[in-house]
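Down below is the structure, laid out as structure tokens.
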Protein chains: 2
Amino acid sequence: MSQTDTIGRILDAAEVLFAERGFTETSLRTITSTAGVNLAAVNYHFGSKKELIQAVFERFLTPFTASLAGELDRREAAGQRLTVEELLESLYRVGLGSLAAEGRDPQRFMRLLGLAYSQSQGHLRRFIVSRYGDSYHRFAGLLERALPHLDPVSFYWRLYFMLGATVFTLSSFDAIEAILREDFGAQSSLPETLDRLVPAAAAMLKVNAEG
Amino acid sequence: MSQTDTIGRILDAAEVLFAERGFTETSLRTITSTAGVNLAAVNYHFGSKKELIQAVFERFLTPFTASLAGELDRREAAGQRLTVEELLESLYRVGLGSLAAEGRDPQRFMRLLGLAYSQSQGHLRRFIVSRYGDSYHRFAGLLERALPHLDPVSFYWRLYFMLGATVFTLSSFDAIEAILREDFGAQSSLPETLDRLVPAAAAMLKVNAEG
DNA sequence: CAACAATTAAAACAGTTGTTTAGTGCAAGG
DNA sequence: CCTTGCACTAAACAACTGTTTTAATTGTTG
């Protein structure tokens with residue numbers, strides 16, 4: 001249809017394949033052949049494989065952070081200070097909603113985020129921080145204000161604990177869900193799992209250090 | 001000295017390089033040249049790159065699980081049921097101690113565990129499960145008994161949340177520590193961080209679902 | 001010391017990687 | 001009608017991958 005349908009096809013294929021196998025384990029030839037485009041199209045449209053990886057992240061992080069900003073605006077406008085649970089709810093539901101609304105798979109983005117964290121070849125982490133650092137800091141600041149009893153260092157360690165639990169769990173949601181279904185015959189949906197995660201993460205953030 | 005000093009040199013180099021860059025990002029030539037051995041030595045002594053990766057994990061997981069088993073034996077022999085905090089303490093301190101005792105870097109193994117999780121090419125996950133699944137299930141069983149108010153499915157999700165917070169945070173301990181030192185001038189040691197992690201993770205495990 | 005096996009070494013192997021080059025087709029503008 | 005620019009393609013590039021082969025060198029044992 002449009003003259004640059006090729007770009008979209010490449011991004012679609014790369015997004016899926018990167019999430020399944022990782023970045024270095026996915027060759028440009030695999031991407032271009034599943035996308036049904038020529039090999040050289042990646043370098044033509046994106047410049048390099050690195051820039052393709054960044055473009056994949058940009059395509060889902062930009063609407064995600066935009067939706068999150070809107071949600072935080074709305075909640076802040078309501079007046080009272082946001083609670084930990086409200087902030088986590090915002091983060092999770094917006095992540096789910098803004099991406100699912102475009103008909104894309106939220107779990108795939110969680111896997112990509114997990115990969116970005118662990119496989120990060122430097123360039124990707126720098127790209128994400130420079131592009132979306134502000135969104136991160138706004139959320140972290142609001143969360144810190146919701147936890148006034150914590151000193152800054154304690155708060156940031158707790159924040160990383162929470163991010164670890166979130167990214168780690170959701171990035172392998174499919175695998176964990178399959179294990180639990182096999183062992184207990186209990187199906188878990190992603191929203192249900194977020195219902196479990198919100199109170200657990202909130203408890204971890206709020207507990208007094210001296211237990 | 002010994003006739004197969006080569007094996008140790010290869011394992012040492014592979015351990016460091018894998019932890020720094022990941023598996024596919026580390027070539028056999030990089031490993032053998034930093035180890036000061038011939039390229040073919042890897043295939044001669046280990047068979048393939050996959051088996052080398054498994055050997056690296058075996059070398060630190062075997063003493064780790066053995067120490068953990070001993071620690072759990074000791075604590076169980078003492079009689080009363082183990083608490084969540086005691087179990088987490090055992091896990092963390094033993095992991096720290098058994099590896100540091102051999103003069104090796106505990107954080108490196110956390111990074112490897114994180115990689116095993118996210119970069120797992122299948123063979124590694126199968127290897128770890130078949131070799132160390134029993135240790136994992138014993139620990140999980142004891143932890144579940146320490147949390148009798150949780151139904152099995154809830155418990156296992158919480159377990160994954162806890163593992164996520166642990167692996168994620170400790171596997172990038174150096175990076176997080178550097179950020180906090182820059183922003184707050186506060187140095188954090190690994191033991192201090194575990195002191196922060198134990199109560200936080202325990203709170204996440206213990207909280208009642210309906211908050 | 002001779003003979004055998006274990007280990008190390010150099011070199012080549014076949015395959016894959018990301019990227020570049022040169023050229024094709026096509027549509028819009030002068 | 002010709003040209004300019006854009007999207008796309010096939011082919012080749014050089015570099016790198018894990019692995020194997022063949023030969024040289026050890027170390028050990030009869």
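- Within 6.0 Å of atom CG in A/D174, more than 12 heavy atoms from other residues, nucleotides or ligands are found, so the atom counts as buried in its surroundings.
- In this structure, A/H45 atom NE2 and D/dC8 atom C1' are separated by 7 Å, rounded to whole Å.
- Put simply, CG on B/L17 is 12 Å from P on D/dT17, counting in whole angstrom units.
- Under a cut-off of 6.0 angstrom, the local environment of CG in A/D134 is sparse, with at most 12 non-hydrogen atoms contributed by other residues, nucleotides or ligands.
- Across the protein-nucleic acid pair, A/Y44 atom OH and C/dT20 atom C1' stand 15 Å apart, rounded to whole Å.
- Atom C1' of nucleotide D/dT17 and atom CD1 of B/I53 are separated by 13 Å, given to the nearest angstrom.
- The interatomic distance linking A/I10 (CD1) with C/dG18 (C1') rounds to 14 Å, in whole Å.
- Judged by distance alone, with hydrogens and angles left aside, the side-chain atoms of A/E15 form no donor-acceptor pair with the main-chain N or O of A/V56 at under 3.5 Å.
- Here the CZ atom belonging to A/F173 is positioned 5.0 Å from the CH2 atom belonging to B/W157, to the nearest 0.5 angstrom.
- Here the two rings, on B/F168 and A/Y117, have centers that are under 6.0 Å apart.
- Put simply, CZ on B/R9 is 15 Å from C1' on C/dT7, counting in whole angstrom units.
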Polar atom pairs between nucleotides 24-27 of chain C and protein, under 3.5 Å, N or O only, would you list them?
none

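- The backbone N or O of A/T26 sits nowhere less than 3.5 Å from a side-chain atom of A/T30 that would complete a donor-acceptor pair.
- Using a 4.0 Å cutoff on non-hydrogen atoms, the parts of residues 27-43 of chain B near DNA chain C are B/R29, B/N38, B/A40, ordered by number.
- For A/F184 and B/Y156, the ring centers sit closer than 6.0 Å to each other.
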